[in-house]
Amino acid sequence: MTHAPDRIFNTPLAQVPDFTFNEDVVRVFPDMIKRSVPGYPTIVENTGVLAAQFAQANSILYDLGCSLGAVTQAMRRHVSHSGCKVIAVDNSAAMVARCREHLNAQDAMFQELLPVQVIEADILTLTLQPASLVTLNFTLQFIAPEQRLELLKNIHSALLPAGALILSEKLRFNDADAHELLNELHLAFKRANGYSELEIAQKRRAIEKVMLPDSLEEHRERLHCAGFSKVIVWFQCFNFASMIALP
Ligand code: GEK
């Protein structure tokens, strides 16, 4: 499957609209996320490795906010427990349509992968079935802050004992120096990946009202409040991190 380069913000826009996961974004999404999120390929692949550790036979694994199904594909590469099924969910119709194409391509090339169901739905209203693993790979940051706790409570209620939530997010930092340095390093990462100052500035404007990162402390507190007993950071690169939350 060919991946178009992300040039969405490379010409000056009179007014930068709020970012949405529309057809234009879907077309360039693999290139965009790889060049924008430090550690993305490592997080995705190792979420598959983590999934294999936490998966239980005859259970469901959720990929919530699946976009094009990168995490779903990684889980299908690594998990081979009998009777498991992946449910991938996204509320962008354009993402869901392209996700199904990607997963069909994966099915065409490999044998004996876990069955998968792709659902177009809002994860805030979806009834979750009992699951051994739930992933929120850079999804929670797009949920309105006042709705995040409720979502995590629902996930916690759905998790089987000995299951896990894998939560990956962009972070902000309470320490002003740490915040500035790690943000600068993220910008350096984007420049090193070929984004211009114009692209960086316009993307920031598009995203600033729709993607609101929390600090690690806020994540820990909210996860504990939702019922999780332990929160372990297993990956961090600059201001991006991934956590394992245990029920
Ligand atoms: C990856 N996990 O490649 N319900 C369902 N989906 C939602 C909702 C919602 N309420 N809100 C946002 N989304 C992916 C990357 S991208 C992160 C995840 C990014 C979806 C939204 O449509 C988008 O596809 C995804 O969450 C966030 O590993 O682009 O930085």
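Nothing here was measured: the structure is a model prediction, and the numbers come from that model. Atoms within each ligand, like the ligands themselves, are counted from 1 in listed order. Along the sequence shown, the residues carry numbers beginning at 1.
- The existence of a salt bridge linking E101 and R98 is confirmed by a sub-4.0 Å separation between a basic side-chain nitrogen and an acidic carboxylate oxygen.
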query = Given I155 and L136, is the side chain to side chain contact (heavy atoms under 4.5 Å, CB included) satisfied, shown in steps?
reply = CA-CA 10 Å; I155 292 171; L136 282 169; 3.7 Å; yes
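- Residue V231 forms a side chain to side chain contact (heavy atoms under 4.5 Å, CB included) with just one option from R222, H224, E221, and that option is H224.
- E180 contributes no side-chain N or O that, together with a main-chain N or O of D177, makes up a donor-acceptor pair within less than 3.5 Å.
- Comment: R191 engages E197 in a salt bridge, judged by a side-chain N to carboxylate O separation of less than 4.0 angstrom.
- By heavy-atom distance, the residue among I143, V210, D63 lying nearest atom 11 (N) of ligand 1 is I143.
- Looking at atom 16 (S) of ligand 1, its nearest protein heavy atom turns out to be S67 OG, 3.2 Å.
- Nearest protein neighbour of atom 3 (O) of ligand 1, counting heavy atoms only, is Y40 OH, 2.6 Å.
- Considering backbone and side-chain atoms alike, F29 places every N or O at 3.5 Å or more from each N or O of ligand 1.
- The aromatic rings of Y40 and F138 lie tilted to each other, with the angle between the two planes from 30° to 60°.
- By the 6.0 Å and 45° rule, K203 stacks over the aromatic ring of F19.
- Heavy atoms from both the backbone and the side chain of D90 come within less than 4.0 Å of ligand 1.
- Using a 4.0 Å cut-off to heavy atoms of V71, the atoms of ligand 1 that qualify are 28 (O).
- Geometrically, K190 engages Y195 in a cation-pi contact, judged by NZ or CZ lying under 6.0 Å from the ring centre and within 45° of the ring axis.
- If you check which protein heavy atom lies closest to atom 4 (N) of ligand 1, you get I123 N, 3.0 Å.
- Looking only at side-chain heavy atoms (C-beta outward), E45 and V49 stay at 4.5 Å or farther from each other.
- Here the protein heavy atom with the shortest distance to atom 7 (C) of ligand 1 is N91 OD1, 3.1 Å.
- Counting the atoms of ligand 1 from 1 in the order shown, those under 4.0 Å from a heavy atom of M95 are 24 (O).
- Set against the non-hydrogen atoms of S92, the atoms of ligand 1 under 4.0 Å away are 22 (O).
- Remark: ligand 1 atoms within the under-4.0 Å shell around heavy atoms of D122 are 4 (N), 9 (C), 10 (N).
- The closest protein non-hydrogen atom to atom 30 (O) of ligand 1 is F142 CE1, 3.5 Å.
- Scanning the protein for heavy atoms near atom 17 (C) of ligand 1, the closest one is F138 O, 3.0 Å.
- The proximity of A121 to ligand 1, defined as any non-hydrogen pair under 4.0 Å, is limited to the backbone.
- The protein heavy-atom contact nearest to atom 28 (O) of ligand 1 is N137 ND2, 2.8 Å.
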request  = Begin with the C-alpha distance, continue with both residues' side-chain angles, and end with the deciding distance and a verdict on side chain to side chain contact (heavy atoms under 4.5 Å, CB included) for L152 and L223.
outcome  = CA-CA 7 Å; L152 295 179; L223 285 162; 3.8 Å; yes
